[in-house]
Amino acid sequence: MMKETPDRPPLYGAKLWRQVQHLLLNLPLGVAGFIFTVTLLSVGLALAVTVVGLPLLAAGLTGCRAFGQFARGRCASALGLEISGAPKMKATRPGTAGRVSAALTDALSWRSALYAVLLLPWGIISFALTLVLLVVGWPALPWAARFLSTVDRILVDSLLSPSPLSERIRELEDDRGAVVDTAAADLRRIERDLHDGAQARLVALAMDLGLAKEKLTETSDPKSVVAAAEMVGAAHGEVKLALQELRDLARGIHPAVLTDRGLDAALSAIAARCTVPGGVTVRVDLPGRPDSAVEGIAYFTVSELLTNISKHAGARTAAVEVWQAADRLMLRIEDDGKGGAASYPGSGLAGLTERIGAVDGLLLVDSPAGGPTAVTVELPWRTRVSR
C-alpha cells in the first residue's frame, strides 16, 4: 500500500525565481546606492565647515533613508521579510535647522547609509554566484539561492529594522496621543455636564430666590408671603437636585469611595447601581491596593463595561472578577446577554482599548453571536506608594 506524501513547493517554482530576481538586482542597485551615498556624504563632510555642507549631508542621509525604505519593501515582496515601518524623523526645532539636525542625528539614516555602501560588495558576490549557477550550476540553484537570500534577509533585518528603542518611543507617542485625546474628551464632558446641569439649576435657583426676596420686601400681603414661601420651597428642591448632579459629576471624575475604601467597595457600588435585572456579582481578590492611577483605570473600565451591558447586552445577570496574576491586575466582566460585542473604530470598546493600551494594558473580547460575553482586561500592577 503506497503512502501519500505531503505536497511540497516545487524547487523551481515562483518563489525561487523571485529570489533569483532579487539577487540579480542587488548589483545595479548596489552601484546606484554606493555612488549616491559616497558622493553626497563625502562632499557634505568635506564642506561641513561651510553653509551648504551640513544641509547637503542631511539631504544625503535623507536619501539613504528613502533607499532603505525601498530596500525593505523589495525584501518584503521578494523574500517575505516583513519589517515594521520606520518612525518618521521629528525635528526638535522648527525650520531648516531643525530638519537638518533631525537628519544628522537619526540612527536609522546612518544605518541605511551603511547598508547602501555594503550592498555594492554584497551585490557583486550575489550577482556573480547567481549568474554562474543559472548558466552552469542550475541543479544547485534552489539551495544556493535560499542561502544567499537568507544572508540578504539578515543584512536588511540587522541594518534597516527600527531599533527597539525607537519602536518603544513610537508606542509611547501613540499612547500619549490617546491619553491626551481621552483627557480632552473628559474635560469637554465635564464642561458640558456643568453647563447643562448644575449650572442651569443654580441660575434658576438664583432667579427664584431673587423673586422671592422681592415679594417679601415689597408687601406684607399674606398671599404674597405664601407665594414667596412656595418659591423658596421650589428653590430648595433645585438645590437638592443641583447637589445630586454635582455628586454624580464628582463620582464621574474620581469617586470618593474608591479613594477611601478601594476597588472592592467602589465596584460593589457600581454593581448596586447597575440596572441588570438579576444583579451583578463582584469578587475582588487582591493582596493590596494597586497604584491610584491603575486603580482609577480599572474602576472606570468596569463602570463603562457595566453601562454597556445595561444598555445593549439584554443580559439578566453579570459578574465582575478582579485578581492579581504576577505583575498584572486582571479584570474579567461577564454577562449572559445576546453577545455580538466587537471593537470597531468609533465604538466604546475601541475607546477603552486605546485607553487601556496607553498604560501598557490589554483588552480582549470574547462575544460570539447569541452570547455569553466575556471581556478580559490586563493592567500593569504597580504597588501603591504610601504617603
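These numbers were taken from a predicted model, which means no experiment stands behind them. Reckoned from all heavy atoms, side chains included, excluding hydrogens, waters and symmetry mates.
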CG (Asp335) and CG (Asn308) are apart, to the nearest 0.5 Å, by 10.0 Å
### Same cluster (ILVMFWY, side-chain, under 4.5 Å), Val151 and Leu29
yes
query = Sub-3.5 Å donor-acceptor pair from the side chain of Thr39 to the main-chain atoms of Ile35, do we have one?
reply = yes
So OG1 of Thr301 and CG of Leu306: to nearest 0.5 Å the spacing works out to 11.0 Å
If you look only at distance, which donor and acceptor atoms sit under 3.5 Å apart when one is on a side chain in residues 279-286 and the other is two or more places apart or in another chain?
| from | atom 1 | to | atom 2 | distance (Å) |
| --- | --- | --- | --- | --- |
| Arg283 | NH2 | Glu321 | OE2 | 2.1 |

With sequence neighbours left out, the residues meeting side chain to side chain contact (heavy atoms under 4.5 Å, CB included) with Ala113 are Thr37, Leu41, Leu61, Cys64
Those residues at least two apart in sequence (or on a different chain) that pass side chain to side chain contact (heavy atoms under 4.5 Å, CB included) with Ala325 are Trp323, Met330
Residues joined to Leu79 in its hydrophobic cluster, side chain to side chain under 4.5 Å directly or through other members, sorted by chain and number, are none
Applying side chain to side chain donor-acceptor pair (under 3.5 Å) to Ser126 and not counting sequence neighbours gives Asn26
Closest non-hydrogen atoms of Ile333 and Leu331, given as atom of the first, atom of the second and distance, are CD1-CB, 4.1 Å
Hydrophobic cluster membership, with links at side-chain heavy-atom distances under 4.5 Å among I/L/V/M/F/W/Y: are Leu362 and Tyr299 in one?
no
Grouping ILVMFWY residues whenever side-chain heavy atoms fall under 4.5 Å, the cluster of Val135 otherwise contains Val132, Val136
Is the closest side-chain heavy-atom distance between Val20 and Leu23 below 4.5 Å?
-> no
Across all chains, not counting sequence neighbours, the side chain to side chain donor-acceptor pair (under 3.5 Å) partners of Thr317 are Asp336
With sequence neighbours left out, the residues meeting side chain to side chain donor-acceptor pair (under 3.5 Å) with Trp122 are Asp152
When rounded to the nearest 0.5 Å, the distance separating CD of Gln21 from CZ of Arg74 is 9.0 Å
- [ ] Using the rule that two of Ile, Leu, Val, Met, Phe, Trp, Tyr join whenever any of their side-chain heavy atoms come within less than 4.5 Å, decide whether Leu118 and Phe70 are in one cluster.
- [x] yes
Is there a path of hydrophobic side-chain contacts, each under 4.5 Å between heavy atoms, that joins Tyr115 and Ile154? no
- [ ] Answer yes if Leu45 and Val100 sit in the same cluster of Ile, Leu, Val, Met, Phe, Trp and Tyr residues linked by side chain heavy atoms under 4.5 Å apart, and no otherwise.
- [x] yes
Report the C-alpha distance between Val156 and Arg153 in whole Å, list the side-chain angles of each, state the deciding distance to 0.1 Å, and finish with yes or no for side-chain contact (heavy atoms from CB on, under 4.5 Å).
CA-CA 5 Å; Val156 171; Arg153 288 163 59 97; 5.9 Å; no
Apply side-chain contact (heavy atoms from CB on, under 4.5 Å) to Leu119 and Phe67, showing your working. CA-CA 11 Å; Leu119 185 59; Phe67 182 80; 3.8 Å; yes
- Greater than 12 external heavy atoms within 6.0 Å of Gln324's CD: yes
Residue set satisfying side chain to side chain contact (heavy atoms under 4.5 Å, CB included) with Leu131, at least two apart, ordered chain then number -> Phe127
Here the pair of heavy atoms bringing Gly123 nearest to Leu27 is O-CB, 3.8 Å
Shortest non-hydrogen pair, Leu104 vs Trp110, comes out as O-NE1, 2.8 Å
Item to complete: Show your working on side-chain contact (heavy atoms from CB on, under 4.5 Å) between Leu160 and Ser112 and close with a plain yes or no.
Response: CA-CA 6 Å; Leu160 301 182; Ser112 299; 3.7 Å; yes
Name each donor-acceptor pair under 3.5 Å that joins a side chain in residues 368-378 to protein atoms two or more places apart or in another chain, with its distance.
| from | atom 1 | to | atom 2 | distance (Å) |
| --- | --- | --- | --- | --- |
| Thr373 | OG1 | Ser367 | OG | 2.7 |
| Thr376 | OG1 | Arg332 | NH1 | 2.8 |
| Glu378 | OE1 | Arg328 | NE | 3.4 |

Rounded to the nearest 0.5 angstrom, the OG-CG distance for Ser109 and Leu114 is 12.5 Å
Arg146 and Gln19 have their tightest heavy-atom pair at N-OE1, 3.9 Å
Before giving the answer on side-chain contact (heavy atoms from CB on, under 4.5 Å), spell out for Thr307 and Ile309 the whole-Å C-alpha distance, their side-chain angles and the decisive distance to 0.1 Å.
CA-CA 5 Å; Thr307 301; Ile309 291 172; over 6 Å; no
The side chain to side chain donor-acceptor pair (under 3.5 Å) partners of Ser310 (sequence neighbours excluded) come to Thr275
Separation between CG (Leu379) and CG (Leu329), nearest 0.5 Å, reads 5.5 Å
Quick one: does Val31's side chain get under 4.5 Å of Phe34's, heavy atoms only? no
Sorted by chain and residue number, the side chain to side chain contact (heavy atoms under 4.5 Å, CB included) partners of Leu56 (sequence neighbours excluded) come out as Leu40, Val43
Between the CZ atom in Arg18 and the OG atom in Ser149, the distance rounded to the nearest 0.5 Å is 10.5 Å
Taking every heavy atom of Ser268 against every heavy atom of Asp264, the minimum-distance pair comes out as OG-O, 2.8 Å
Exercise for review: Say whether, by atom type as modelled, one donor and one acceptor occur between the side chain of Arg316 and the main chain of Gly278 under 3.5 angstrom.
Suggested key: no
